[in-house]
Amino acid sequence: MGEAMTVIRQYVNEMEALIARSILEAHDVPAVVLRDDAGGMLPAMHMLYPVRLAVRVQDVGQALFILDSPFEGDIDDDETPGVDLSDGR
């Protein structure tokens, strides 16, 4: 029998949900994206029925920690590689 799952996030955009799922799966947390958009024929239905991201009940804490953690590769705007902003241009 399948394991119990719970929805941890809702998204208006399916791509955001898929990225979140990919992040979780990269950390060995199984996740599924649930959507009701008539098989892709009515993507505007996401406004009424958000795309949902679900994980196993025992993975909820770890999944939320992963998704809420800042990305270590983030850079400040003033540290953009290859761009020198010091000359005022």
Spatial distance of atom [atom1] ([X]) from atom [atom2] ([Y]) [nearest 0.5 Å]:
X	Y	atom1	atom2	result
Glu14	Ile19	CD	CD1	11.0 Å
Glu3	Gln58	CD	CD	5.0 Å
Asp36	Arg52	CG	CZ	7.0 Å
Asp59	Thr6	CG	OG1	11.5 Å
Ile23	Leu67	CD1	CG	6.5 Å

With Gln62 as reference, evaluate Ile66, Val60, Leu64 under the side-chain contact (heavy atoms from CB on, under 4.5 Å) test and give the passing residue.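 The single option meeting the side-chain contact (heavy atoms from CB on, under 4.5 Å) with Gln62 is Ile66.
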Contacts of Asp28 meeting salt bridge (charged side-chain N to carboxylate O under 4.0 Å, His left out) (sequence neighbours excluded), chain-then-number -> none
Treating Ile, Leu, Val, Met, Phe, Trp and Tyr as nodes and any side-chain heavy-atom pair under 4.5 angstrom as an edge, say whether Met15 and Ile8 lie in one connected cluster.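 Linked within one cluster.
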Considering all heavy atoms, the nearest Val29-Ala63 contact: CG1-CB, 4.2 Å
Between Met5 and Ala54, which heavy-atom pair has the shortest distance, and what is it? CE-O, 3.5 Å
side-chain contact (heavy atoms from CB on, under 4.5 Å) with Ala31: which residues, sequence neighbours excluded?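 Checked Ala31 against side-chain contact (heavy atoms from CB on, under 4.5 Å); matches are Arg21, Leu24, Leu53, Val55.
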